[in-house]
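Computed over heavy atoms, backbone and side chain alike; hydrogens, waters and symmetry mates excluded. Convention: sequence-line order gives letters A, B, ...; per-chain numbering from 1.
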Amino acid sequence: MALELFDSKTQSVREFVPKAPGKVSMYVCGPTVQSAPHLGHLRSALVYDLLRRWLEANGQRVTLVRNVTDIDDKVLVNAAAANRDWIEFAGEVEKTFDEAYRSLGIAEPTHTPHATQHIADMIALVESLIAKGHAYQAEDGSANVFFDTASWSQYGELTNQKLENMEGELENTFGKRNVHDFALFKAHKEGEPESASWDTPWGKARPGWHIECSAMAKHFLGESFDIHGGGLDLRFPHHENELAQSRANGDAFAKFWIHNALVTIQGQKMSKSLGNGVSVEQLLEVGSWAAIRYWLSSSQYRSNLDYTPTSLSDAQAALDRISGFIKRAKLQTGSTNVPLPDNFVTAMNSDLNVPGAIAVIHETVRAGNTALDANDINTVTTCLSQVVQMVEVLGLMLGVAKEIDPALTQKIEELITLRAEAKANKDFSRADQIRDELTKLGVTLEDLPNQTIWSING
RNA sequence: GGUGGAGUGGCUGAGCGGCCCAAAGCAGCAGCCUGCAAAGCUGUAAAACCACGGGUUCAAAUCCCGUCUCCACCUCCA
């Protein structure tokens, strides 16, 4: 079965066929680096990481572009509030995103363009739009440049809206012809840093938010590409405007629009503006990065994902079940190359049903555990191989190879040996005493029929 | 006012016309294992009348109509 994805422009599930066989081009809206990431940003990045992994697992060569919006009103405002140079500020915030992505096992995109490095591309695109009659310099003579929504009859096609039904800004400001027109370039304002504007044919200005994605997508992927992704909250106006700009310019733009649903907390959207975001620091107090990744994968990407106090501990418990099987099975056998289970493939191909795919992992773990009990090594080998490969595709086992201080390892193993001796001598109070000691070190013991294995920090 | 989406067991969360008297995980319970166990495993066991009311169909959680509730977007947000 082929991969089917929900295209939010046509609002239908369609078979995904890349325009160039074997190659997939994807553009994903990355963060505006105005403040540190919260769960929602991580979910978004993870969704496209999973899509990319699945495409690659199926032999596609994926070119993934994820931009960084490093010039924007909020960046300037937040930098000023922190009394910092905005460029440094944006760079630092970006680092916190990179760090979180890396820790979550999200692979680096093929390209990570920054808005400030593609001003020339944007100017060229805007000049072209003006020449085609779809954009204009502000009526008030400022360096503001707007997209002329009235000139583009298909405006609203992405979100199925009509201009006359839309609420607009109450006041028509900055020299727009129409309240729904949106900025392509914003004129330099008094009090803003000189470094935050560029010389353009219309005067000193900085780019509007939407134009960067159109320009950078075209720069890296061409006029037409396969997939455009981003958070559901970007559908309008951001993606609608991107589409309008690019299409009005004559570019075919994205063939599939993918929108990931949001992370909620108590049923409400987690967002910077609501200030209810759960930060990475807060999460790491209750769970590991692996638990965060597992949890973020545990709902289909088009469903909301509600954060509850037990979310991460539930995820950690489920993950421990999988890693426990892998660890035990590896003591008995190795893994070989086997095909992924059909159910797993079907789930992944069904609009990236990752929770369905995870269910298959658990089913396979159960089968493997049963086989371990029955000493059925052939089945154990098959299950282990399948689990390892599925886990690999989903990138679930973060930090499996985490390093432990060799001296500590030695101490732990000595204690385990002493405990085994005590047990052999039926000195159980001594054995329990040693076990307590290990518990204090954060070590959990697991007594197997013929040996004791251990893990650290739960 | 407009445009989308959602309501499934104690919790999380799949399924979207028959394989569903509803996957999977967590919690719980029972059993196994164990010197014991806070660890591990298993479940032929238990737990959901799939928001509510109508309808279509041989067959509905899944389709249609109505009602209620909730969420998102139309302003910066993944």
Side-chain angles (χ1 to χ4, degrees), chain A residues 8 11 28-32 34-35 37-48 66 69 72-74 77 156 158-170 180 209 229-238 240 259-264 267-274 277 294-295 298-300 302-311 313-322 324-325 327-328 343 347 350 353-363 365-366 369-370 372-373 422-423 426-429 431-432 435-436 439 444-449 452-455 458:
Chain A
S8 43
Q11 290 172 34
V28 173
C29 283
T32 299
Q34 50 153 309
S35 56
H38 61 61
L39 279 169
H41 302 100
L42 300 182
R43 180 185 194 191
S44 182
L46 178 58
V47 164
Y48 304 104
R66 189 183 62 215
T69 302
D72 162 88
D73 295 34
K74 283 274 172 69
V77 168
L158 180 68
T159 51
N160 194 25
Q161 298 185 92
K162 295 193 169 89
L163 272 174
E164 60 265 31
N165 286 331
M166 290 182 200
E167 294 172 349
E169 289 170 25
L170 293 178
H180 297 295
W209 180 31
L232 192 55
D233 51 355
L234 299 187
R235 261 176 95 232
F236 193 93
H238 185 53
E240 187 72 73
H259 286 101
N260 61 279
L262 309 176
V263 175
T264 59
Q268 268 218 322
K269 174 185 171 184
M270 192 177 281
S271 77
K272 286 175 181 173
S273 41
L274 288 175
Y294 182 98
W295 175 68
S298 70
S299 131
Q300 204 266 353
R302 286 199 286 134
S303 299
N304 282 347
L305 181 58
D306 199 51
Y307 182 76
T308 68
T310 61
S311 290
S313 55
D314 287 0
Q316 188 67 57
L319 207 47
D320 287 346
R321 185 163 179 275
I322 299 168
F325 166 69
K327 191 192 281 180
R328 263 172 271 117
N343 289 347
S350 304
N353 183 358
V354 177
I358 289 176
V360 178
I361 295 180
H362 284 290
E363 283 164 7
V365 165
R366 190 194 309 126
N369 277 325
T370 306
L372 272 176
D373 282 0
K423 281 171 71 176
K426 303 218 182 291
D427 184 358
F428 297 122
S429 61
D432 290 350
R435 185 167 62 195
D436 290 344
T439 303
T444 304
L445 299 183
E446 194 177 324
D447 288 334
L448 300 181
T452 298
I453 60 175
W454 58 276
S455 55

Got a list of protein N/O to nucleotides 5-7 of chain B N/O distances below 3.5 Å?
none

Measure distances between side-chain N and O atoms of A:Arg235 and base N and O atoms of B:A72, and say whether any donor-acceptor pair falls under 3.5 Å.
no
Calculate the interatomic distance between A:Arg321 atom CZ and B:C26 atom P; express it in whole Å.
6 Å
Atom NZ of A:Lys162 to atom C1' of B:C73: distance rounded to whole Å?
17 Å
Whole angstroms only, please: what is the CD1-P distance between A:Ile322 and B:G25?
9 Å
Taking the minimum atom-to-atom distance to the side chain of A:Leu262, which one of B:A39, B:A38, B:A78 wins?
B:A78
Side-chain donor or acceptor of A:Asp436 under 3.5 Å from a matching atom on the base of B:A38?
yes
Could you list the protein-to-nucleotides 9-15 of chain B atom pairs, N/O on both sides, closer than 3.5 Å?
{"unit_1": "B:G13", "atom_1": "OP1", "unit_2": "A:Asp306", "atom_2": "N", "d": "3.4"}
{"unit_1": "B:A14", "atom_1": "OP1", "unit_2": "A:Ser299", "atom_2": "OG", "d": "3.4"}
{"unit_1": "B:A14", "atom_1": "OP1", "unit_2": "A:Gln300", "atom_2": "N", "d": "2.4"}
{"unit_1": "B:A14", "atom_1": "OP1", "unit_2": "A:Ser303", "atom_2": "OG", "d": "3.4"}
{"unit_1": "B:A14", "atom_1": "O3'", "unit_2": "A:Asn353", "atom_2": "ND2", "d": "3.3"}
{"unit_1": "B:A14", "atom_1": "O2'", "unit_2": "A:Asn353", "atom_2": "ND2", "d": "3.3"}

B:A38 P sits how many Å from A:Asp320 CG, rounded?
17 Å
Rounded to whole Å, the CG-P distance (A:Leu158 to B:C73) equals 16 Å
Value in whole Å for how far the C1' atom of B:C36 lies from CG of A:Leu445:
14 Å
Tell whether A:Lys269 reaches the base of B:C71 with its side chain through a donor-acceptor pair below 3.5 angstrom.
no
Choosing from B:U42, B:C36, B:C26, which nucleotide comes nearest the side chain of A:Ala317?
B:C26
Length of the CG-P vector between A:Asn260 and B:A78, whole Å
11 Å
Between A:Glu446 and A:Lys327, is the closest basic N to carboxylate O distance under 4.0 Å?
no
Base-pairing assignment for B:A22 (Watson-Crick or G-U wobble, both under 3.5 Å):
none
Hey, which of these two, A:Asn165 or A:Gly267, hits RNA chain B nearer its 5' end, going by closest nucleotide?
A:Asn165
So, taking the atom named OG in A:Ser44 and the one named CZ in A:Arg66, what distance separates them when rounded to the nearest 0.5 Å?
8.5 Å
Would you say a side-chain N or O of A:His41 is under 4.0 Å from OP1 or OP2 of B:A78?
yes
First of A:Ser44 and A:Lys426 reached from the 5' end of RNA chain B, by closest nucleotide
A:Lys426
Determine, for A:Asp447 against A:Lys423, whether the closest basic-nitrogen to carboxylate-oxygen distance falls under 4.0 angstrom.
yes
Could you check how far CZ of A:Phe236 sits from P of B:U3, rounded to whole Å?
14 Å
